[in-house]
There are 2 protein chains.
Amino acid sequence: MKLENMTTAAGGPDARRRSYDDACGTAHGLELIGDRWALLVLRELMLGPRRFSDLRADLPGISANVLTQRLEELEARGLVRRRKLPPPASVQVYEATEWGLEAEPVIGALGRWAARSPWHDPSLPLSAVSLMLSFTNMLDAQRAKGFEGTVGFRFGEERFVARVGDGAIRVRRGSESQRQGEGQGEEQALVAGKPTDVAAVVYGGAPVKLLDISGDKTLAKRFFKLFRLPPKAAA
Amino acid sequence: MKLENMTTAAGGPDARRRSYDDACGTAHGLELIGDRWALLVLRELMLGPRRFSDLRADLPGISANVLTQRLEELEARGLVRRRKLPPPASVQVYEATEWGLEAEPVIGALGRWAARSPWHDPSLPLSAVSLMLSFTNMLDAQRAKGFEGTVGFRFGEERFVARVGDGAIRVRRGSESQRQGEGQGEEQALVAGKPTDVAAVVYGGAPVKLLDISGDKTLAKRFFKLFRLPPKAAA
DNA sequence: CGGCATCCGGGAAGATACTG
DNA sequence: CAGTATCTTCCCGGATGCCG
């Protein structure tokens with residue numbers, strides 16, 4: 001697997017599968033990120049670097065060898081970079097390149113479109129990154145107009161911050177330094193729970209009791225109402 | 001293939017491949033249109049119904065059985081409809097449903113993103129639909145501001161009309177009735193040639209000599225300058 | 001000829017086990 | 001923890017053939 005397959009286009013996007021032989025950008029896009037799992041791997045990297053086992057844990061059902069292969073391919077195509085964190089961490093992480101991050105509109109458009117599917121099942125497991133990205137995709141511009149505030153999220157060890165203002169939302173990963181840096185950080189409320197439960201509250205109308213909210217609870221509840229799933233398409 | 005595989009979810013999106021088991025809309029989207037060739041089949045239907053053999057001709061490299069399978073799946077998922085044209089035509093065509101047409105932003109986002117690829121080869125064959133869709137994706141909003149006009153295209157038997165105005169572009173298929181209806185139609189110029197040659201002129205700076213232009217040639221040349229490929233990403 | 005169904009070979013994906 | 005090795009399953013691609 002190291003040299004055998006390198007017979008084709010070393011460095012470039014290996015023509016592992018036969019090319020679509022089509023000048024259309026969409027076809028080329030499928031050659032880059034159309035392989036099974038590829039776009040979901042990239043999705044998990046959209047909010048910052050991840051470790052191999054974190055990716056594996058948040059992509060239920062992917063097998064280790066497939067994840068290895070996808071990461072190699074994405075790296076060869078210039079969408080993912082392998083990086084070693086400085087000591088004392090010294091662990092290897094995978095991060096999206098600048099261009100890889102630019103695939104966010106693709107992920108967003110696909111997600112918004114598929115949310116209209118009659119067969120979409122929101123009760124399935126959901127990764128923390130998926131949830132946070134869904135906020136940027138499902139923000140109701142009308143309702144966001146009159147809102148301004150910052151809400152933090154904690155899922156196990158992972159932390160995120162969502163700031164809404166000027167009718168837009170910006171989501172980022174909360175860093176370690178921030179946790180100890182400026183007290184509780186700039187968030188006005190902190191939501192803790194499982195991503196699936198947060199989704200159930202925001203999109204499924206489940207009771208807020210499911211979540212552990214500290215800080216400005218009223219603000220958090222108003223925040224939850226900023227998002228809406230699109231209407232279902234006709235089956 | 002008629003009854004054996006129907007053990008799973010008859011009518012719904014058959015779980016031919018194992019599901020991603022992920023509540024994320026993007027993951028569900030990949031289950032709907034993530035199969036190889038599926039999105040390109042849908043692309044060919046974005047500007048109107050097509051026949052089986054037309055699809056096959058414009059999707060170089062797809063085999064008949066795979067096309068059959070993709071069409072069946074897209075139909076089962078509610079993205080494509082099979083329709084029989086009224087006599088005397090009486091031929092069967094495949095057309096995108098309303099929801100299927102709504103996948104256009106997905107195709108557009110993927111195409112715009114992939115156009116930045118260092119490995120994108122615009123010299124490959126290009127279908128007429130791909131070319132016309134590229135106009136809607138690559139329109140330079142700045143340049144389109146000062147332009148207003150309608151340009152027709154003829155590729156063999158296929159005809160299209162692109163109208164630019166108010167900084168936006170609208171592309172549609174030219175119908176038979178229009179051809180004989182209102183003289184030359186409302187287009188101010190008519191461009192004839194191979195889609196690849198048009199792309200070479202518009203995106204590759206090739207000489208306009210490649211094309212057969214009738215009507216307002218100056219307008220056509222100005223039209224060609226309205227589109228621009230995004231800058232390449234770092235390799 | 002258009003629209004499939006069928007059979008076959010190669011190869012990617014999935015599951016499991018194993019290693020540094 | 002971060003992958004590799006191996007085996008099985010099944011999808012993709014190509015060819016052929018059927019049938020209106």
Side-chain angles (χ1 to χ4, degrees), chain A residues 1-5 7-8 14-22 27 30-31 33-41 44 49-75 80 82-85 88-95 157, chain B residues 1-8 13-22 27 30-31 33-41 49-76 80 82-85 89-95:
Chain A
M1 174 54 93
K2 272 267 124 54
L3 281 170
E4 293 81 346
N5 288 12
T7 55
T8 57
D14 58 339
R16 198 175 40 75
R17 318 185 76 123
R18 182 181 297 252
S19 129
Y20 283 112
D21 196 34
D22 191 323
L30 291 173
E31 292 169 356
I33 52 176
D35 287 330
R36 190 158 163 77
W37 292 108
L39 194 60
L40 299 184
V41 171
E44 287 300 318
R50 309 291 305 276
R51 303 177 58 162
F52 187 92
S53 38
D54 295 331
L55 291 172
R56 205 182 164 187
D58 278 343
L59 295 171
I62 197 172
S63 54
N65 49 9
V66 172
L67 179 54
T68 299
Q69 194 178 335
R70 283 305 98 92
L71 286 169
E72 282 173 357
E73 290 160 358
L74 291 173
E75 188 180 11
V80 164
R82 195 179 307 227
R83 199 159 58 88
K84 202 168 195 81
L85 290 183
S90 291
V91 297
Q92 183 180 245
V93 293
Y94 296 88
E95 68 178 356
E157 295 298 299
Chain B
M1 174 52 95
K2 271 265 121 55
L3 281 171
E4 292 80 346
N5 289 11
M6 284 312 238
T7 55
T8 57
D14 58 339
R16 197 175 41 72
R17 321 184 74 124
R18 182 179 294 256
S19 129
Y20 283 112
D21 196 33
D22 192 323
L30 291 173
E31 292 169 356
I33 52 176
D35 287 331
R36 191 160 162 76
W37 291 108
L39 194 60
L40 298 184
V41 170
R50 310 289 306 274
R51 303 180 56 166
F52 186 92
S53 37
D54 295 331
L55 291 172
R56 207 182 161 187
D58 278 342
L59 294 171
I62 196 172
S63 55
N65 51 6
V66 171
L67 178 54
T68 299
Q69 194 179 336
R70 283 306 99 93
L71 287 169
E72 281 173 359
E73 290 160 357
L74 291 173
E75 188 181 12
V80 164
R82 195 178 307 227
R83 200 159 56 89
K84 204 169 193 83
L85 291 183
S90 291
V91 297
Q92 183 178 246
V93 294
Y94 297 87
E95 69 177 357

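Below, chains carry the letters A, B, ... as their sequence lines are ordered, and counting in each starts from 1.
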Participant: CG/A/D58 to CD/A/E44 distance, rounded to the nearest 0.5 angstrom?
Facilitator: 4.5 Å
Participant: Could you state the interatomic distance from CD (B/E72) to OH (B/Y94), rounded to the nearest 0.5 Å?
Facilitator: 8.0 Å
Participant: Please answer whether the main-chain N or O of A/G61 pairs with a side-chain N or O of A/R56 as donor and acceptor at a distance below 3.5 Å.
Facilitator: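 Checking the backbone N and O of A/G61 against the side chain of A/R56, no donor-acceptor pair under 3.5 Å is found.
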Participant: In whole angstrom, what separates A/L67's CG from C/dG14's P?
Facilitator: 12 Å
Participant: Using side-chain contact (heavy atoms from CB on, under 4.5 Å) as the criterion, list what pairs up with A/D54, not counting sequence neighbours.
Facilitator: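 side-chain contact (heavy atoms from CB on, under 4.5 Å) check on A/D54 returns A/R50, A/R51.
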Participant: With a 4.0 Å limit, can you tell me whether B/R82 has a side-chain N or O closer than that to the phosphate oxygens OP1/OP2 of C/dG3?
Facilitator: no
Participant: Measure from OH on A/Y94 to P on D/dC1 and round the result to the nearest Å.
Facilitator: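 Computing the A/Y94:OH to D/dC1:P distance gives 15 Å.
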Participant: Quickly, which of B/L40, B/V93, B/L67 forms a side-chain contact (heavy atoms from CB on, under 4.5 Å) with B/L55? Name it, please.
Facilitator: B/L67
Participant: Quick one: B/K84 NZ to C/dC4 C1', roughly how many Å, whole number?
Facilitator: 13 Å
Participant: Is there a side-chain contact between B/Q92 and the phosphate of C/dC4, meaning an N or O under 4.0 Å from OP1 or OP2?
Facilitator: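 Yes, within the criterion.
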Participant: In whole Å, what is the span from the CG atom of A/L71 to the P atom of C/dA13?
Facilitator: 13 Å
Participant: With no hydrogens and no angle check, just 3.5 Å: does a side-chain donor-acceptor pair link B/S19 and B/D21?
Facilitator: no
Participant: Would you say C/dG14 has OP1 or OP2 under 4.0 Å from some side-chain N or O of B/Y20?
Facilitator: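 No, outside the criterion.
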Participant: Whole angstrom is fine here: how far is it from CD in B/E73 over to C1' in D/dC10?
Facilitator: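 One finds 13 Å between C1' of D/dC10 and CD of B/E73, rounded.
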Participant: Does a side-chain N or O of A/W37 approach OP1 or OP2 of C/dG14 to a distance below 4.0 Å, or not?
Facilitator: yes
Participant: For nucleotides 15-18 of chain D, list the nitrogen or oxygen atoms of the protein found under 3.5 Å from its nitrogen or oxygen atoms, one pair per line.
Facilitator:
{"unit_1": "D/dA15", "atom_1": "N6", "unit_2": "B/N65", "atom_2": "ND2", "d": "3.4"}

Participant: Tell me whether B/R82 forms a cation-pi arrangement with B/F52, defined as NZ or CZ under 6.0 Å from the six-membered ring centre and within 45 degrees of its axis.
Facilitator: no
Participant: For the side chain of A/E95 and the backbone of A/V80, is there at least one donor-acceptor N/O pair under 3.5 Å apart?
Facilitator: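 No: the side chain of A/E95 does not pair with the backbone of A/V80.
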Participant: Supply the atom-to-atom distance A/D35 CG to A/E73 CD, rounded to the nearest 0.5 angstrom.
Facilitator: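 Atom-to-atom, A/D35:CG and A/E73:CD are 5.5 Å apart.
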Participant: What's the CG-C1' distance between A/D35 and C/dG14, to the nearest Å?
Facilitator: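 Atom CG in A/D35 sits about 15 Å away from atom C1' in C/dG14.
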Participant: Output the rounded distance in Å from CD (B/E31) to P (C/dA13).
Facilitator: 16 Å
Participant: Listed in order of residue number, which residues of residues 49-62 of chain A have a non-hydrogen atom at under 4.0 Å from DNA chain C?
Facilitator: A/G61
Participant: C/dT6 C1' sits how many Å from B/Q69 CD, rounded?
Facilitator: 13 Å
Participant: For the side chain of A/R70, starting at C-beta, report the closest nucleotide among C/dA13, D/dG13, C/dA15.
Facilitator: C/dA13
Participant: Would you indicate which nucleotide in D/dG14, C/dG14, D/dG3 comes nearest to any side-chain atom of A/R36?
Facilitator: C/dG14
